[in-house]
2 protein chains.
Amino acid sequence: MNGKTLSPVDWSLVRAFLAVADTGSLSGAARRTGVSQPTLGRQVRQLEAALGQRLFDRQPRGLAPTDTARALIEPARRMQAAMSEIELTAAGRQTELSGPVRITASDMVALHVLPPILAELHTAEPGITVDLVASNASENLLFRESDIAVRMYRPRQLDLVARHLGDAELGMFAARRYLDRAGRPRSVADLGQHSMIGYDRSEEIIRGMQARGLAATHDWFALRCDSHPVYWALVRAGCGIGFGQATLGRADPAIEEIDLGLDLPVLPVWLATHRSLRQTPRIARVWDALAAGLAPWLS
Amino acid sequence: MNGKTLSPVDWSLVRAFLAVADTGSLSGAARRTGVSQPTLGRQVRQLEAALGQRLFDRQPRGLAPTDTARALIEPARRMQAAMSEIELTAAGRQTELSGPVRITASDMVALHVLPPILAELHTAEPGITVDLVASNASENLLFRESDIAVRMYRPRQLDLVARHLGDAELGMFAARRYLDRAGRPRSVADLGQHSMIGYDRSEEIIRGMQARGLAATHDWFALRCDSHPVYWALVRAGCGIGFGQATLGRADPAIEEIDLGLDLPVLPVWLATHRSLRQTPRIARVWDALAAGLAPWLS
DNA sequence: GTTTTTCCATTCATATATGAAAATTACAGC
DNA sequence: GCTGTAATTTTCATATATGAATGGAAAAAC
């Protein structure tokens, strides 16, 4: 285990090293980077040979970093940061009103709100291609995993430009079909007799209800689902009463709003991008399209 | 000229970018990096495509960086520095008393002094392989272009460990053959009647002689050569009187020292390595061998 | 104790990147 | 105006790296 040659080390191996160190396994790193697992394994081995040091202990559950690897993570991160700066600086200096733009949005927004906005944008600017990442995980704008993010909270990362577009109201909804069958609740107390749809792992509805004086627990719900789009499909299918964005529910003829005077929280909607990209023509164009297109959904 | 894909950029392209930016041409960068020039050209193009920016203006005399390229050089250097830190940290944690060690020395020292030292070292430590770079240019110890440097001046770079081994005396010498034919100078004035061997571009001897009151000019010399080893071969072949390291001349039976009472300068001899490597077993072993082996040559 | 899951290593066909040599280009000097 | 020089680009055979599929091993789940 010693570098027998004194040849320069391929910088791209460090990227593989970081991905493996971050995820703790070759397979995980492969999923995250899009590079295949055998390739990552070979690259790690190659880096170990080049540095003359074992970097990971191969274990059944993954690769555990050695002391040496731990010592190398910090400079590797600096490399990554510098690489990001290169990409962002270069992208920020682009002047064409065309090219790819990657947008991150929650799966709910991506599924129900963005498609018409992007359709219109594509008609107006056919040169701009959009990569839409529907994910509730916050992609890292600093590493250019995304160019523009639509978020339901105030972004707090450094070097970001963020704009508060407005607030998305929440409402309580059920399918007309369901209400015709199960009856329309007239008070908060009536809810106890209804099928409520909730989340499985997330506790947000439960906490919200409890804060409003309802004795909600995990078992209070007849049906639970963690996927927002599927959750919403359950509501539309008449599985019971659920919560969702007010604009979405009110625009849906199959659905009826249930107003019991609860003051439901509102979700702030933010647009965010990296400071280097804000003035880039095609990014600015998409930014404006999103801001304009989202406005009718917000209050 | 716009990145049509949004795929991650290969980090190793930045190394090519830096080499080209530093040398100002693909050919120069190829010479410096050991990568072929067509490959570098392709890598630069590839980086330009990935970043969506032209980085160089192709000119007949080389590649001139664009404004964008100039903006990217600084983060690229940070990447390079971080990569160096990775390599140095990893190398510094190696514990085996074997592996490659790259030594830089002036061509004179490499040719006349180091061979016996390295021969003995190799006998004692066959696991250590040595890359000897005979070059008067100072390789960059920070970027691990060399592990140990033997230098005739005090190294001043940051993060270096340096040790002053002693001083190499200079002397005035000529081949016995030459002196038998042309006579032995008894005074400084006699030198005017002799064939003096000097440097072509370097003025060091001229300045040294002038400082000692001799009316030396470029034309004072009958023969000039910039290569130290060739210069010394000229002296040994009886072409005339020249200057060289005292220990070298005195050990040579074909050569006679000419002592006219001039107080010639001495050259300080330094050993230098990166701080991270000083304690590494095989580096320390070579360091010690060099220190011990060079001692007899110095005063 | 058996099954299932999760992960890493290997194999082999394919895609990609590389280098040597030749072709090309544009200036500089005479 | 021609030639020489020093660069880049192109071409093509070769070397290298990659991914899909497979095999294998060790924990976790039942």
Side-chain angles (χ1 to χ4, degrees), chain A residues 1 3-51 53-66 68-70 73 83 200-201 226, chain B residues 1 3-51 53-66 68-70 83:
Chain A
M1 178 57 47
K4 286 300 168 207
T5 66
L6 202 47
S7 51
V9 183
D10 187 343
W11 292 13
S12 63
L13 300 180
V14 178
R15 168 202 277 271
F17 164 74
L18 258 188
V20 173
D22 281 344
T23 61
S25 77
L26 294 178
S27 328
R31 280 188 291 272
R32 220 168 71 83
T33 59
V35 181
S36 78
Q37 169 261 329
T39 297
L40 281 173
R42 283 182 284 239
Q43 289 179 338
V44 167
R45 250 201 308 266
Q46 202 179 325
L47 185 63
E48 290 180 325
L51 296 181
Q53 289 278 304
R54 205 156 42 71
L55 296 174
F56 295 98
D57 288 319
R58 270 72 173 173
Q59 293 171 348
R61 298 291 295 172
L63 278 72
T66 62
T68 300
R70 271 191 287 274
I73 285 180
M83 186 70 223
D200 187 8
R201 274 163 297 187
D226 270 331
Chain B
M1 177 55 50
K4 284 302 168 208
T5 68
L6 202 47
S7 53
V9 183
D10 186 344
W11 292 13
S12 62
L13 299 180
V14 178
R15 168 202 277 274
F17 164 73
L18 257 189
V20 173
D22 282 344
T23 61
S25 77
L26 293 178
S27 332
R31 280 189 291 272
R32 217 168 73 84
T33 59
V35 180
S36 81
Q37 171 261 343
T39 296
L40 282 173
R42 282 181 284 238
Q43 289 179 338
V44 168
R45 250 203 304 268
Q46 201 179 326
L47 185 63
E48 290 180 326
L51 296 180
Q53 288 280 309
R54 206 157 40 73
L55 295 173
F56 296 98
D57 288 320
R58 271 72 173 173
Q59 295 170 346
R61 301 288 298 174
L63 278 72
T66 61
T68 300
R70 271 191 287 273
M83 187 70 223

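The basis for the numbers below is simple: all heavy atoms, side chains too, and nothing from hydrogens, waters or symmetry mates. Lettering of chains follows the sequences in order, A, B, ..., and the numbering in each one begins at 1.
For A:R61, the side-chain contact (heavy atoms from CB on, under 4.5 Å) criterion is met by no residue, not counting sequence neighbours. Considering only residues two or more places apart in sequence or on other chains, B:S36 meets the side-chain contact (heavy atoms from CB on, under 4.5 Å) condition with B:P38, B:T39. Every residue two or more places apart in sequence or in another chain was checked for a salt bridge (Lys or Arg N to Asp or Glu O under 4.0 Å) with B:R45, and none qualifies. B:R58 meets the salt bridge (Lys or Arg N to Asp or Glu O under 4.0 Å) test with B:E48; sequence neighbours excluded. Under the side-chain contact (heavy atoms from CB on, under 4.5 Å) criterion, A:R31 pairs with A:S27, not counting sequence neighbours.
Defining each end axis of the helix from C:dG1-D:dC30 to C:dC30-D:dG1 as the rotation carrying four pairs' C1' atoms onto the next four, with five pairs an end, the two axes are found to diverge by 30° to 10 degrees.
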Name every donor-acceptor pair, under 3.5 Å, that has one atom in a side chain of residues 9-25 of chain B and the other anywhere in the protein, sequence neighbours excluded.
from  : atom 1 : to    : atom 2 : distance (Å)
B:D10 : OD1    : B:S12 : N      : 3.0
B:D10 : OD1    : B:S12 : OG     : 2.9
B:D10 : OD2    : B:S12 : OG     : 3.3
B:R15 : NH2    : A:V9  : O      : 3.1
B:D22 : OD1    : B:R77 : NH2    : 2.7
B:T23 : OG1    : B:A19 : O      : 2.9
B:T23 : OG1    : B:S25 : O      : 3.0
B:T23 : OG1    : B:A29 : N      : 3.1
B:S25 : OG     : B:G28 : N      : 2.8

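Of all the residues in residues 25-40 of chain B, B:V35, B:S36, B:P38, B:T39 reach under 4.0 Å from DNA chain C with at least one non-hydrogen atom. Only at 4.0 angstrom or more do the heavy atoms of residues 13-23 of chain A sit from any atom of DNA chain D, so none qualifies.
Reading DNA chain D from its 5' end, the first and the last nucleotide to sit under 4.0 Å from a heavy atom of chain B are D:dA6 to D:dT11.
Rounded to the nearest 0.5 Å, atoms CG (A:L55) and CG (A:L47) are 5.5 Å apart.
Note on residues 18-47 of chain A: no pairs pass ring-ring contact (aromatic ring centres under 6.0 Å, His included), not counting sequence neighbours.
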Between the protein and nucleotides 25-28 of chain C, list the N/O to N/O atom pairs that are separated by less than 3.5 angstrom.
none

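Nucleotide C:dA9 holds its P atom 14 Å from the CD atom of A:Q43, rounded to whole Å.
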